[in-house]
Amino acid sequence: MNKIKRAVLWLQLKSHYSHRRKYFNELFAKEDPYKALTREYETVKFGWVVDCVRDKLHWEALELGCAEGVMTAMLSPYCGKITGVDISNTAIKRAIEKRGYGNVEFIAANVVEFMPAKKFDLIVAVDMAYYLGQEHSWEHMEAELSRWVSWLSPGGRLILLNGFNEVTHPKDWLGPHVMEGYRKIMEKAGLKLVKEEIRKYSKDGFSRANLVSVLENIKS
Ligand SMILES: C[S@@+](CC[C@H](N)C(=O)[O-])C[C@H]1O[C@@H](n2cnc3c(N)ncnc32)[C@H](O)[C@@H]1O
């Protein structure tokens, strides 16, 4: 890509993420828009993630797209310290007020601009990867997801959970092939897949399938 193309892309992405921040700030104007505290599905979903981390203590942990920090707080007993990051300042303000104590901290930041000064033993991203990128460019996804890999300490673990559409078509950006594509990027960037499963929730006419991937940084 030449310099001009790169500059145009950078400007487009800047504007894209500025709209995203506005969108999520408006969404979080009302408390708990995703019903993290009240919907059984959300509690079950967070439980699937906790199941992947409860076998050991992770000294430094990071949750990307943490919203108001409900899952961050659920993960905190299994972490020395956990940092939740979200693009919405409104969500993060509420997260700090309600859950920002003990070993839990929150930072308002766009993940694509986030540059941590330390490495993490655990990185978790639940239903946020598919918000990255403009027009869902695989090139941008690869660059961004590879950055997450570079934040992992040796032996560190990365957990991806993404809901997907079961009835799908090749261009569906919420199809299972897309979620598998994210995991493949992580593998290409050097992580080893240690566990992957499809977890389904179905009750009272609502049903959701999720791909849960657990990857480890095998570099020493
Ligand atoms: C569907 S919600 C999921 C929230 C939470 N992880 C959960 O599973 O309930 C997506 C979250 O990702 C955040 N998000 C989206 N794009 C982001 C970005 N570029 N940087 C940081 N956070 C982002 C949104 O603000 C929102 O809180």
Side-chain angles (χ1 to χ4, degrees), residues 10 12-53 61-76 82-100 104-116 120 122-137 140-148 151 158-165 173-174 178-179 182 199 201 206 208-213:
W10 184 83
Q12 283 173 342
L13 284 170
K14 218 171 159 48
S15 146
H16 166 77
Y17 284 113
S18 142
H19 284 106
R20 270 281 144 84
R21 177 172 283 117
K22 188 168 175 286
Y23 167 82
F24 281 111
N25 274 340
E26 283 169 8
L27 188 77
F28 282 101
K30 183 173 155 274
E31 190 166 349
D32 196 14
Y34 290 106
K35 299 193 170 62
L37 289 169
T38 54
R39 198 154 68 132
E40 186 188 80
Y41 165 66
E42 300 300 328
T43 310
V44 170
K45 181 179 87 171
F46 296 155
W48 292 332
V49 179
V50 171
D51 282 348
C52 302
V53 309
L62 176 69
E63 187 192 349
L64 302 171
C66 66
E68 294 173 4
V70 175
M71 196 180 70
T72 327
M74 281 175 76
L75 294 172
S76 64
I82 184 161
T83 305
V85 173
D86 202 282
I87 197 168
S88 165
N89 333 51
T90 313
I92 289 295
K93 188 168 177 281
R94 210 169 283 129
I96 291 171
E97 279 164 15
K98 302 215 160 187
R99 298 170 193 99
V104 184
E105 71 162 15
F106 294 101
I107 298 173
N110 180 356
V111 163
V112 308
E113 289 163 359
F114 186 58
M115 284 198 254
F120 297 94
L122 174 69
I123 299 179
V124 175
V126 173
D127 281 323
M128 79 81 54
Y130 49 78
Y131 286 109
L132 292 182
Q134 191 188 35
E135 290 160 13
H136 306 303
S137 134
H140 181 61
M141 282 308 295
E142 184 156 355
E144 288 308 320
L145 298 183
S146 304
R147 261 166 35 85
W148 299 5
W151 303 340
L158 192 146
I159 298 169
L160 281 179
L161 184 152
N162 289 299
F164 63 83
N165 292 335
W173 200 251
L174 283 178
V178 175
M179 308 316 161
Y182 300 159
R199 306 289 307 242
Y201 176 95
F206 172 81
R208 196 85 184 120
N210 298 269
L211 186 69
V212 188
S213 313

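Predicted model only: the values in this text are computed from it and were never measured. Read the numbers this way: they start at 1 and go in the same order the structure lists the ligands and their atoms.
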Show me the donor-acceptor pairs within less than 3.5 Å that the side chains of residues 106-114 make with the rest of the protein, sequence neighbours left out.
unit_1	atom_1	unit_2	atom_2	d
N110	OD1	V112	N	3.2

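With sequence neighbours excluded, no residue satisfies side chain to side chain donor-acceptor pair (under 3.5 Å) with S76.
Checked by atom type and distance alone, the side chain of R199 never pairs as donor or acceptor with a backbone atom of K45 at under 3.5 Å. Side-chain atoms of N162 do not come within 3.5 Å of backbone N or O of M179 as any donor-acceptor pair.
The residue among M128, E63, E68, K45 with a heavy atom at the shortest distance from atom 7 (C) of ligand 1 is K45. The closest non-hydrogen atom to atom 26 (C) of ligand 1, taken over I87, D86, N25, comes from D86.
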> Is there a side chain to side chain donor-acceptor pair (under 3.5 Å) between E40 and Y201 once you walk through the steps?
Replying inline: CA-CA 10 Å; E40 186 188 80; Y201 176 95; 2.6 Å; yes
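Heavy-atom distances between A125 and ligand 1 stay at or above 4.0 Å for every pair. At least one heavy atom of D127 sits less than 4.0 Å from an atom of ligand 1. No heavy atom of F114 sits closer than 4.0 Å to any atom of ligand 1.
Checking only distances, V85 never comes within under 3.5 Å of ligand 1, N or O to N or O. Between G65 and ligand 1, at least one N/O pair is under 3.5 Å apart. Taking distance alone, with nitrogen or oxygen atoms compared against 3.5 Å, L64 stays at or beyond that limit from ligand 1. Backbone and side-chain nitrogen or oxygen atoms of S88 are examined, and none is located within less than 3.5 angstrom of a nitrogen or oxygen of ligand 1.
Contact annotation for L27 and ligand 1: no heavy atom of the residue comes within less than 4.0 Å of the ligand. Residue contacts with ligand 1 for A36 are absent, since no atom lies close enough (heavy atoms, distance under 4.0 Å).
Ionic pairing of E97 and R94 is not present here: no N-O contact between side-chain nitrogen and carboxylate oxygen is shorter than 4.0 angstrom.
Heavy-atom contacts of N110 reach the following atoms of ligand 1: 18 (C), 19 (N), 20 (N) (cutoff under 4.0 Å).
Ring geometry for Y41 against W48 counts as perpendicular: the plane angle is over 60°, on a 0 to 90° scale with 30° as the lower cut.
Protein heavy atom at the shortest distance from atom 9 (O) of ligand 1 is F46 CZ, 3.6 Å.
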